[in-house]
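Reviewing the structure listed below.
In what follows, every chain begins at residue 1, and chains take the letters A, B, ... in the order their sequences are listed. Quantities reported herein were computed from a predicted structural model and do not represent experimental measurements.
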Protein chains: 2
Amino acid sequence: MSTTSGRPRRATVHDVAVVAGVSRGTISRYVNGDPYVSASARHAIEAAIAEVGYVPNTAARHLVMQRTETVAFIVHEPHSLFIEDPNIGGILLGANAALSEADHQMAVLIIDTERDTERVAKYLSGGSVDGAIIVSARAYDPVARVVERLRLPAAFVGHPPGATSAAFVVIDNRGSAHAITERLIGTGRRRIGMIAAALDRDSGSERLAGFADALGDRYDDNLVERVPLYSYSAGRDGMNALLDRAPDIDGVFAASDAVAAGAMEALRAAGRRVPEDVGVVGFDDSAWARRTLPALSTVRQPAEGLGRQAATLVLEQLRGDITPREVLLESEIVWRESA
Amino acid sequence: MSTTSGRPRRATVHDVAVVAGVSRGTISRYVNGDPYVSASARHAIEAAIAEVGYVPNTAARHLVMQRTETVAFIVHEPHSLFIEDPNIGGILLGANAALSEADHQMAVLIIDTERDTERVAKYLSGGSVDGAIIVSARAYDPVARVVERLRLPAAFVGHPPGATSAAFVVIDNRGSAHAITERLIGTGRRRIGMIAAALDRDSGSERLAGFADALGDRYDDNLVERVPLYSYSAGRDGMNALLDRAPDIDGVFAASDAVAAGAMEALRAAGRRVPEDVGVVGFDDSAWARRTLPALSTVRQPAEGLGRQAATLVLEQLRGDITPREVLLESEIVWRESA
DNA sequence: TTGTAAGCGTTATCAG
DNA sequence: CTGATAACGCTTACAA
C-alpha cells in the first residue's frame, strides 16, 4: 500500500540473521572471516546474504572499530599545477595502487582555497581516515600541523615542512643532478655552468652538490649563478649573468625545467643556438620540458613510485611496523634535444 | 604513571558536557546550530569545546544521520589518460570547488584495475557516500550499475552508458562543431571536408551535424569521410581517402585531435603544407593538440565547468530539488596555427 | 561453535 | 530552553 519510490532500505545484519536463522554475532563473525563458524552456518549465511543483498554499513563499522581503512591523499597545489603537472597524477595513481592492494580506500583531499584548509582539517580531526599522504605541503602548513597533533600516521612526498619527525619519500636530488651533469659532460662541452636555485631548500642545495660531484676538479664556482627561485624569470636573469661572466660557456645545468626555459629564452635573445652553441639540461620533467624548443633533456621523477612508496610507508605505520623515516628514490634521465 | 605515547584519545560530547555542565543533548544542539540554546549555555559550551579540543566523530554522526555529506568522484580512465589529459584535472577541480562551497567532502575513487571495480562497488554500497559524480563510465560499467541499483543521486560527465535516466553534463558538440567550422570557413577555404568519427555515438553524429549546419548549402557529402574511431590511424586513413576523392581539398575538420593528428601526418606524407595548403582543425584540446606541428586549432572543453555542473546536479538531487536531466555546456575555441 | 548483550559517539524525540 | 533516553548497525567479550 505504501510504496512510492525512495531509496531502498539497506539490509542489515539483523535481516541476514533472521533469514539465515542464526544470531547477529555469527553473521558478523562470518563476514569478518572468523574461523569459528560451522559449515552449515556458513552456507545458510551465504545464501541469506545473497538473498537480502547485504553489505555491511561502513559508518557503523567505523564507529565500533575505530578504524576506517581509509588513507587521505592531500594535495596542496596551486590550481594550474594540479592540472598541468603530470607528476601529480602519477603520484596519485601510484598511491591508489598500493592502497588498493591493501584493501584500503584513498580519500583525495584537494586544498584549493582557505575554506578547503579548514574543511580538510576538520575532516582529518573527525576520524575519517587512519593515515595521510601529503603532497607538497607548504612551510607551516596548517594541515601538516593537524596531522602532527593528531599523531596520524603519515608520509610526505617531498620534504616535510618544519622539523617534524614525519616519514617522507623524495627523489635523490644529488644523485640525479650528478647523473644528468655527467651526460651533459658526455656531449663534449668544455665550459659547463649551473643556474642553482632555491639553495635554502634541500632540493636546491643537493642539486648543486650533485653538479659539483660530477665536475670534480673541473668545477668552477665562477660558472655557478645562484638565483632565489625555481622560476622562469630567475632562469632568464641567471643565464644573462652567466653569459656576462663567461661568454664562452657551452653547457648549462638549470636547477629546474622552469629555470631552464628562462635560460633558453636568454640564450635565444643573446643569439646563441641550443643545442649547437650551448647545451641545456633541466630537472623535473614538468610541463615546461615539452614546451621549450628544442624540447628539454631533463630528470624525470618516478612519480608513481613516489606515490606507491608513500602509501606503503603509511600502511606499514598502520600495521605497527618500524618504518624508515626517509626513502630515497632513484630517478631517470629523459634525453631530448636541448643537449 | 601510565603514559606511553599512543594516539591521544579524542574528546567526545560527553567530555564537553561534563566540562560545560550541561547535557549531551544541548551540546549536540549547539554544534548543529539549533537556535534553542541559551546564551549562557552557549558560552559555557564554547569554552568547554576549546578546552577539551572537541571535534565531532564522523562515523557516529554518519551512523545516526544516515548521511555522510560526501560525494564520490569516480574516474574510470586508462592510466595514461589520467596523467596526460588536462581535462580530467580540471573536472576534478571544478567538482571539488562546488562541493566544497556546499561543505561536502569529495571522495575520489580511481578505477584502475578489476580489483578496484569491486572495491569501489562495495564502498558505494556500504553507504559511504550520499551521491556520485561519474567521469567517463564504460558501457555496461559495473559501477554505473551499482549506482543505479542503489538509486544513488548521481551525475555523469559525458553521456551515461546504457539507457539510464541519470543526469549528465555534456558539452554542446553540435554547437561547438558548428562554431569551429565557421572559423575555418572564415579563413577563406573553399573546399572544406570533414573526417567524421564514431557516428554510433552521440558526440560523433552531433559533430557531423554541426559541421553540416555551418556549411549549409555548401555542404558536400563527398567531402565527408566516415571513420569508425576517434583515433590517429583512422585520421590518417580518412585523410588519404579524402585526398583521393578530392585532391583540391583545402580545409578539414577532424572529429577529434587524435584524428586531426593522423590527418596531418597523411597531409605531410602527401606533400601538403599545413596551414598553407590545407587548414586543419580538431576537437577536444587534448594532449595531441600541442604535440602536432603546427599546433592544432581546436575546441576546448570547459573542464572545470563540467565538474562544477556535475557536482551541482548531485547536490540539487540531494536537496530534493527537481533537476534537469541534461546540461549542455558551451565550449571555447582555441585558435593556434594549424588553420 | 554459538547466542547474548554491552558498547562505539552521535542525533532526535519527547517530556518537562 | 533543557535533560533523559532510545535509536543508528556493527563488533566483541563473555557465557553457554
Identify whether any heavy atom of B:V31 sits under 4.0 Å from a base atom; if not, whether one sits that close to sugar-phosphate; answer base, sugar-phosphate or nothing.
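No contact at all - B:V31 keeps every heavy atom at 4.0 Å or more from the nucleic acid.
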Would you classify B:A41 as touching base, sugar-phosphate or nothing, given that sugar-phosphate means primed atoms plus P, OP1 and OP2, and contacts are heavy atoms under 4.0 Å?
sugar-phosphate
Return the CD1 to CZ distance between A:I110 and B:F73, rounded to the nearest 0.5 Å.
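Going from the CD1 atom of A:I110 to the CZ atom of B:F73 covers 8.0 Å.
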For [X] and [N], what is the distance between atoms [atom1] and [atom2] respectively, to the nearest whole Å?
{"X": "A:R9", "N": "D:dC8", "atom1": "CZ", "atom2": "C1'", "result": "12 Å"}
{"X": "B:I27", "N": "C:dA12", "atom1": "CD1", "atom2": "C1'", "result": "16 Å"}
{"X": "B:D34", "N": "C:dT10", "atom1": "CG", "atom2": "P", "result": "17 Å"}
{"X": "A:R67", "N": "D:dT11", "atom1": "CZ", "atom2": "P", "result": "11 Å"}
{"X": "B:R24", "N": "C:dG7", "atom1": "CZ", "atom2": "P", "result": "13 Å"}
{"X": "B:H62", "N": "C:dT10", "atom1": "NE2", "atom2": "P", "result": "12 Å"}
{"X": "A:H14", "N": "D:dT11", "atom1": "NE2", "atom2": "P", "result": "15 Å"}
{"X": "A:L63", "N": "D:dC10", "atom1": "CG", "atom2": "P", "result": "12 Å"}

Side-chain N or O of [X] versus OP1/OP2 of [N]: is the shortest distance under 4.0 Å?
{"X": "B:R61", "N": "C:dG9", "result": "no"}
{"X": "A:Q66", "N": "C:dG9", "result": "yes"}
{"X": "A:R10", "N": "D:dG9", "result": "no"}
{"X": "A:T12", "N": "D:dG9", "result": "no"}
{"X": "A:Y54", "N": "D:dC10", "result": "yes"}
{"X": "A:N32", "N": "D:dT11", "result": "yes"}

Pairing of A:R9 and A:D15 as salt bridge, 4.0 angstrom limit
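Looking at A:D15 together with A:R9, the answer is yes, because their closest N to O distance falls below 4.0 Å.
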By nearest-nucleotide position on DNA chain D, the 5'-leaning member of B:V64 and B:V22 is B:V22
Among A:K122, A:R115, A:R119, the one residue meeting salt bridge (charged side-chain N to carboxylate O under 4.0 Å, His left out) with B:D103:
A:R115
Which listed nucleotide ([options]) is nearest to the side chain of [X]?
{"X": "A:T26", "options": "C:dT10, C:dT1, C:dG3", "answer": "C:dG3"}
{"X": "B:S23", "options": "D:dT11, D:dG3, C:dG3", "answer": "D:dG3"}
{"X": "A:A60", "options": "D:dT2, D:dC10, C:dG9", "answer": "D:dC10"}
{"X": "B:S38", "options": "C:dT1, D:dC1, D:dC10", "answer": "D:dC1"}

Note, B:S125 side chain near B:V146 side chain (heavy atom, < 4.5 Å):
yes
If you draw a 6.0 Å radius around CD in B:E326, do more than 12 non-hydrogen atoms from other residues or ligands fall strictly inside?
yes
Heavy-atom count check: over 12 atoms from other residues, nucleotides or ligands less than 6.0 Å from B:E46 CD?
yes
